[in-house]
Amino acid sequence: MIRVEPRNANSAIFSYGVPILSAFVALILASIPLWLAGAPVLISYVEMAKGVFGSKFAFSEMLTRATPLMFTGLAAALAFRAKLWNIGAEGQLYLGAIAAVAIGTGYIEAPAFILLPLIIAFGCAAGSVGMVVPAILKTRYGADEVVTTLLLNFIIIIFLQYMLEGPLKDPMGLGWPQSSPILDQGMLPPLMERMRVHSGLIIAIVCALIAQFMLARSVWGFKLRAVGENVFAARHAGIKVNRTILGAAAISGALAGMAGVSEVAGLKGYLTSDLSPGFGYAGIIVAMLAGLSPIGVVISALFIASVFVGADSMSRAMSVSSYLADLVVSTSLLCVLIGGFFSRFKLVRAKLEGKN
Amino acid sequence: MTSSPVLTLNGLSKTFGSVQAAQSINLELFKGEVLALLGENGAGKTTLMNMLFGHYMPDSGSIDIFDSSGTANQLQLGNPQAAIAAGIGMVHQHFTLAENLDALDNIMLGSEKFLELRRNKSRAMQKVQKIMNDSGLVAPMNVAVGKLTVGERQRVEILKALYRDVKILVLDEPTAVLTPQEADKLFDNITAMTQNGLSVIFISHKLREVLAFSNRIAVLRHGRKVGEISSKEANERKIARLMVGEETKVFSRKKLEVGEPVLEVDNLTISGSSKRESISDINLSVNKHEILGIAGISGNGQTILANAISGLVKPSSGKIKIDGENILSFDPSNIIQAGVGRIPEDRHKDGIVGQMSVAENMIIEDLNSSKIQSRGLLNHEAIMRYCSDLSSKYDVRGPGPNASARLLSGGNIQKLILARVFEAFPKLILANQPTRGLDMGAAADVANRLLEARQRGSGVILISEDLDEILSLSDRIMVIYDGKLRIAETHDRETLGLMMAGEAA
């Protein structure tokens, strides 16, 4: 008989070594389909590395891809720390993007130092609403937030399509379902000349640092952790559980909304219904990989973006199917998640003594 | 009664951590006999039966099963399958039936071969019919179990055991959920079954039925067998005395002049979803410098009463006044602020956040205090200092203030909770089963702290099923039974034992 037991103390070797080892195992496993597809494995991996670190442009593309993942990863991590299962970051991202476009495409004419904060504030508020509503349903009526947030994603995407065909449709867009472009003074400034990476990245990292600090050192973070780890003891100790959950929901939704703002006002400039290739869902993986630590989210978002961008570039360079890139991505994620499990738990063989 | 044994337990022992749940218990069961196993909660009854049934592996000891020719066969320990094969059947207190299947399916479940293609329901039905005729245990077979009454479900449970041709049937508190009439009928059926050679062990703490329906009574206390008595020679007083013991722990409890009331509970009623979660018309008051002991076997409403005073459940009606002021909002944080310190019954679940550090658990009830935070930010150094001060003052031993609280032993978790509660200088302390599961040293520490609080001027409610503890610490004693609270006029063990068992004193 084999049982699973939590490890009592995590040694440093474990907490740093396991993710690295898992990534390594992932590369070995992913080489099997590569080899079967007839691509030279070693060269493929060199191409993959080049796709991320090979040039300033490649690296900046990776950072661009990591930015929304950091926001949605933080959104998931903070909610999950309170055991609030926000699966709706995708929808909240779009709510944020819709708000950004509604404010930023000329509705308000203002200089950048007014317009940009306004866009961010409205985007975050819209994302926030998208999570607070399911949280109220949960605290008031016990509705399972996994179901409500997940289903809200679909509702929001249909709402988005309506907005893009109707009120937000660009009159100059030749009939395409897309919004008007955000005014120049409403755009997040780029970080490097002629590169796509933008200041949303800085905002994401600052958000992560603040979240890390607040979780560890603030009363608010203390309550959030207590509610997440043991809701019974938290309630018994006089912590207002529902209020804490609603607070976590508001922050989580705002961060997901910020992902939408950052994509639309930092990268694309206008809103289409394919703004996010599933950043909201990928954020869950980013958060799990990070062990729900905000700083960890930054690192795991960089890792996942590297794998995404690198694998894409590799599949193009080696002219193998782009599905192989997806395969590499999912293998790495599975390995690192399993590795994370084993760094937190150990398997114990249960003894069966005294057989007569 | 024939005298050939069917089962002997030889020196069975089991420890859980530092708790000795069973200490070399010997027990014999004869053919056609009804043996009652009596004892307070935590006395070791269920542990013993779980060892017999192979759910627990004993630390030492052996079990012999005798076949029809009288030869002893040692039972393989720690293996439920071996126990079933040896003809031991167990009916648990909480039913283990699949509610969406009909009774016959439930009975057949588990005794069919895994890969059998055809289910022979009619043959099974014949067999069940015969058992029903022999024992008088009748239940509808083709109705989903979810639609049956509690009494019928229990008969299905027993039929399920009998269907497997058991020779020894263990019933764990079979009457806990039955009406008195149903219970009487059940015992008639059991008597009928023993005539056909079945031996029965039944666990209970209802003295009346034990005396009326068993042949022999074995009493357990603190994991030991403290007495065995033939039912004919027994009476309620004798058994009550055996159950609760006679030794008294000695604590220096000075006489104190009681002060003003700190807690008054008026006509408190809570209608929960089950009997265990309901209390009716509770009236009590606790004064300064006073310990009110509430004795009772758990499951009689203590938990819900404590939860109401802690602000965790809203009463259906009634008032709770602290220092004369009605606590209207019934919210734990208000209750804490009003000066109530709570030592929860389930310290792992309600007392600590296991994944958070020892230091964090020390301050969890005091997050607004300017000692540990300013403007919403925690002062880490101050918290660490506070935690190490309290750890030495209250002797909390463990891997340090930064370690997860779940790594502490039960006794040290309780000391952590005591530290948290006592440092708030509460007007009222609500201690619910504060020494359950603790070793002697830690238990004595808790008791001394409660006396210290009484000395200091707090009122204390001590809810416990350990009569020794109640008797040695309390100024006044009340007994809770079936959701109702009664004052114990005389503080002697036998009266209290009878009141705890629901008998008029």
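In what follows, chains are A, B, ... by sequence order, proteins preceding strands, each numbered from 1. Everything numeric in this text was worked out from a predicted model, so none of it was measured.
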Peer 1: Give, for atom CD1 of B:I65 and atom CD1 of B:I168, the distance between the pair rounded to the nearest 0.5 Å.
Peer 2: 4.5 Å

Peer 1: Taking B:S13 for the side chain and B:S24 for the main chain, is one N or O donor matched with an acceptor at less than 3.5 Å?
Peer 2: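 Answer holds: yes.
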
Peer 1: Listed by chain and number, what are the side chain to side chain contact (heavy atoms under 4.5 Å, CB included) partners of A:D144, not counting sequence neighbours?
Peer 2: A:V146, A:V147

Peer 1: What's the separation between atom NZ in B:K14 and atom CG in B:D59, rounded to the nearest 0.5 Å?
Peer 2: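 Between atom NZ of B:K14 and atom CG of B:D59 there are 5.0 Å.
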
Peer 1: Between chain A and each of B:G376, B:A82, B:G354, B:G351, count heavy-atom pairs under 4.5 Å; write down the option with the most.
Peer 2: B:G376

Peer 1: Select all residues of residues 116-124 of chain A having any heavy atom within less than 4.5 Å of some heavy atom of chain B, and report them by number, or 'none'.
Peer 2: none

Peer 1: Look at the side chain of A:N230 and the backbone N and O of B:K349, then say whether any donor-acceptor pair between them is shorter than 3.5 Å.
Peer 2: yes

Peer 1: Given 3.5 Å as the limit, does a donor-acceptor pair link the side chain of B:S404 with the main chain of B:L407, or not?
Peer 2: no

Peer 1: Do any of residues 356-365 of chain B come closer than 4.5 Å to chain A, heavy atom to heavy atom, and if so which ones, in number order?
Peer 2: B:M356, B:E360, B:I363, B:I364, B:E365

Peer 1: Would you find more than 12 non-hydrogen atoms of other residues, nucleotides or ligands less than 6.0 Å from B:M384 atom CE?
Peer 2: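 Atom CE in B:M384 is packed in, count exceeds 12.
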
Peer 1: Which value, rounded to the nearest 0.5 Å, describes the distance between B:K427 atom NZ and B:I322 atom CD1?
Peer 2: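 Result: 8.0 Å between the selected atoms.
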
Peer 1: Please classify the contact of B:L312 with chain A as side chain, backbone, both or neither, using a heavy-atom distance under 4.5 Å.
Peer 2: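 Contact with chain A: side chain only.
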
Peer 1: Can you list, pair by pair, the side-chain donor-acceptor contacts under 3.5 Å of residues 231-250 of chain A, counting residues two or more places apart and other chains?
Peer 2:
residue, atom, partner, partner atom, Å
A:K240, NZ, B:S333, OG, 2.8
A:T244, OG1, A:K240, O, 2.7

Peer 1: Among B:I327, B:N334, B:I335, find the one that has a side chain to side chain contact (heavy atoms under 4.5 Å, CB included) with B:D331.
Peer 2: B:N334

Peer 1: Checking the side chain of B:D67 only, and the main-chain atoms of B:T71 only, is there a donor and an acceptor separated by less than 3.5 Å?
Peer 2: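 Checking the backbone N and O of B:T71 against the side chain of B:D67, a donor-acceptor pair under 3.5 Å is found.
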
Peer 1: Which of the residues B:G311, B:S310, B:P344, B:A403 is involved in the greatest number of heavy-atom pairs with chain A at under 4.5 angstrom?
Peer 2: B:P344

